[in-house]
Amino acid sequence: MEDHRTRRTWALTVLCAAQFVSMLDITVVNLALPSIRRDLGTGVAGLQWIVGAYVLAFACFLMSGGSLGDRLGRRRVFLWGLTVFTAGSLLCAAAPTLEVLVAGRACQGIGAALFVPATLAVLTHLYPQPGERARAIGVWSGVSALALPLGPVLGGVLVDSLGWASVFWINGPFGVATVVLARRVLPAIPALPRRVDVPGQLLAVGWLGCLAAALIEAERSGWSSPGILTLLGLAGVLLAAFLAVEHRSAQPMVPLSLFRDRRFAACNGILFAVAFGLLGSFLFLSLFVQQVQGYTPAQAGLRMLPLLLPAAVAAPVAGRLAARYDPALPMVCGLVSTGIGLLVLATVDATTPYAHWWPALVPVGAGVGLTMAPTNAALMSAVPPARAGIASATSVASQQVGNVLGVAVVGAVVATGFSASLTERADRLGLSPSAGREVVREAVDGGLGTGDPAEGTREGAWEEEVNASLTDGIHRGLAVSGGVYLAGAAAAAVLVPARRRPRTTPAAGREGGGPQEPDRGAVRR
């Protein structure tokens, strides 16, 4: 018995480690971009694809990864995916050109899409009891919550000390060690005797790829550009075809009947909302701390600890709350906490000392930690074990699309607010309309920097105006993110009603039927 528990603990460690590195690679490369731009001689568009290639490939193949895990064996697909991810990391580290680096990033994304759905599916198999499973998912979610904000901090340290390639080299020994350990401790879960849904796979990759590509390119090309409109239209057509094919298929890749369960559908929507608000708001908070308040990347990373630490601490606590009561309670509390915290941060201006506004980071981080674990627990408990892989892939896909869309939409809100505020301030400085438009364009196109001051304007005064305008834009973005979280709280309260489990018969209170009640979990209202 003790040996079983030890082996299960090691298996959970492997799954959390893999999940951590997949989330870390979304943001760890950000602080390496200036060095990459200098060494490889690329422009802004190339840098966007260094970041976007990973997210794009990740989003495109997530559904396929979950489905293949169910059909070919989750342990096998996990090992394949981690091997591909490690190979892609080493290709990135040794890349002599931009094209090779982008190819390596895409390889990383494909590998992550294969092994990430398997992490939650294998975890569900390891912990069949709802209470244990909720606590384990709390640990898993805490690791996920830790990875995104830790990425820029770790990336800054590695780049400063060892160069940009080190953010990829580090995945080599980590990946090899994790694969070796996973072969020893992960259970061999029987595969489902089903054929692969090839049309569904291709259409899923097509519509997710077109959507992700459109969102990545929209910030540079503009939402109304013909290319972006074509990609969005094609994504809609392919999505409609995907739904039609899956509806008629005898063995679909994504059983649409899963979404008849109100809790399953609602949890996917809540995960989308969490991801939408989290990554965009964190990126622009980091920008505010560095660009407006003048801290270095390392100093800025340290000042994000009041957000980072509560998220890591709250996630396991939320898992215990979900196990003891119902996932809805910590979900609603967490969403409200983060939403209110973001709205408070939207009132911080360029001159507010850090000592006065850092407490607002605490409810933001704690709220994210409280939300993720119970939402994933509720989602996984709503499906039978045979569909755990695709259910996990669906939840991760919701988050990845939320990440991409959140950065795009919140980024557009910030840029629009920045431009409008700066134009108004240029008018107040007495600049002519043509001169005002020019300095605003230079400031915005310069990557939200200061641009060149207009003739007759003190450089220091102009920089203050730019920073104040950037703060106005970030305020708008944070307000949008906060509103999305509060809307998610309302949805969780209505669509995921709290129902306390009887203490005397815990097995009778399983949400979604658990592993021993697969049939009842598929059609709950």
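Here, residue 1 is the first one in the sequence, and each next residue gets the next number. Hydrogens, waters and symmetry mates are skipped; everything else that's a heavy atom, side chains included, is used.
Residues meeting the side chain to side chain contact (heavy atoms under 4.5 Å, CB included) test with F174, sequence neighbours left out: A17, V21, T178. Remark: F168 engages no residue in a ring-ring contact (aromatic ring centres under 6.0 Å, His included) (not counting sequence neighbours). For L91, the side chain to side chain contact (heavy atoms under 4.5 Å, CB included) partners at least two apart in sequence or on another chain are V100. Applying the ring-ring contact (aromatic ring centres under 6.0 Å, His included) criterion to Y485, with sequence neighbours excluded, gives no partner residue.
From Y54, atom OH reaches atom SG of C107 across 11.0 Å, with rounding to the nearest 0.5 Å. Rounding to the nearest 0.5 Å gives a distance of 5.0 Å between OG of S22 and CZ of F115. Here the CG-CZ distance, from N171 to F85, works out to 4.5 Å after rounding to the nearest 0.5 Å.
Put simply, the side chain of R263 never gets that close to the backbone of L379: no donor and acceptor are under 3.5 Å apart. Judged by distance alone, with hydrogens and angles left aside, the side-chain atoms of R262 form a donor-acceptor pair with the main-chain N or O of L495 at under 3.5 Å. In terms of modelled atom types and a separation under 3.5 Å, the side chain of T119 and the main chain of V116 share a donor-acceptor contact. A donor-acceptor contact shorter than 3.5 Å is absent between the side chain of S337 and the backbone of C333.
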Task: L126 and L15: CA distance, side-chain angles, deciding distance, side-chain contact (heavy atoms from CB on, under 4.5 Å) verdict - done: CA-CA 11 Å; L126 287 171; L15 298 175; 4.0 Å; yes
Open item on the list: Could you walk me through whether W169 and L90 satisfy the side-chain contact (heavy atoms from CB on, under 4.5 Å) test, starting with their C-alpha distance in whole Å, then the side-chain angles of each, then the deciding distance to 0.1 Å, before giving a yes or no?
Closed with: CA-CA 6 Å; W169 281 125; L90 297 178; 3.7 Å; yes
Task: Audit row: L12, L123, side-chain contact (heavy atoms from CB on, under 4.5 Å) steps and yes/no - done: CA-CA 7 Å; L12 177 61; L123 188 152; 3.6 Å; yes
- [ ] Run the numbers on V185 and T9 for side-chain contact (heavy atoms from CB on, under 4.5 Å), then give the verdict.
- [x] CA-CA 9 Å; V185 301; T9 299; over 6 Å; no
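Within 6.0 Å of CD1 on I170 lie no more than 12 heavy atoms contributed by other residues, nucleotides or ligands.
Of all heavy-atom pairs spanning V245 and P199, the tightest one is CG1-CB, 4.1 Å. V336 and A489 make their closest contact through CG2-CB, 3.6 Å (heavy atoms, listed as atom of the first residue, atom of the second, distance). For the residue pair I270 and A492, the shortest heavy atom distance occurs at CD1-CB, 3.5 Å. Residues M331 and C267 come closest through the heavy atom pair CE-SG, 4.4 Å. Between A318 and G369 the shortest heavy-atom distance is CB-O, 3.8 Å. Of all non-hydrogen atoms in G206 and L238, the two that sit nearest each other are C-CD1, 3.5 Å.
Applying the salt bridge (Lys or Arg N to Asp or Glu O under 4.0 Å) rule to pairs touching residues 361-378 yields nothing, sequence neighbours excluded. The salt bridge (Lys or Arg N to Asp or Glu O under 4.0 Å) contacts involving residues 89-118 comprise D25-R105, where partners must be two or more places apart or lie in separate chains.
A 4.5 Å side-chain heavy-atom check between L271 and T371 finds every atom pair outside the cut-off.
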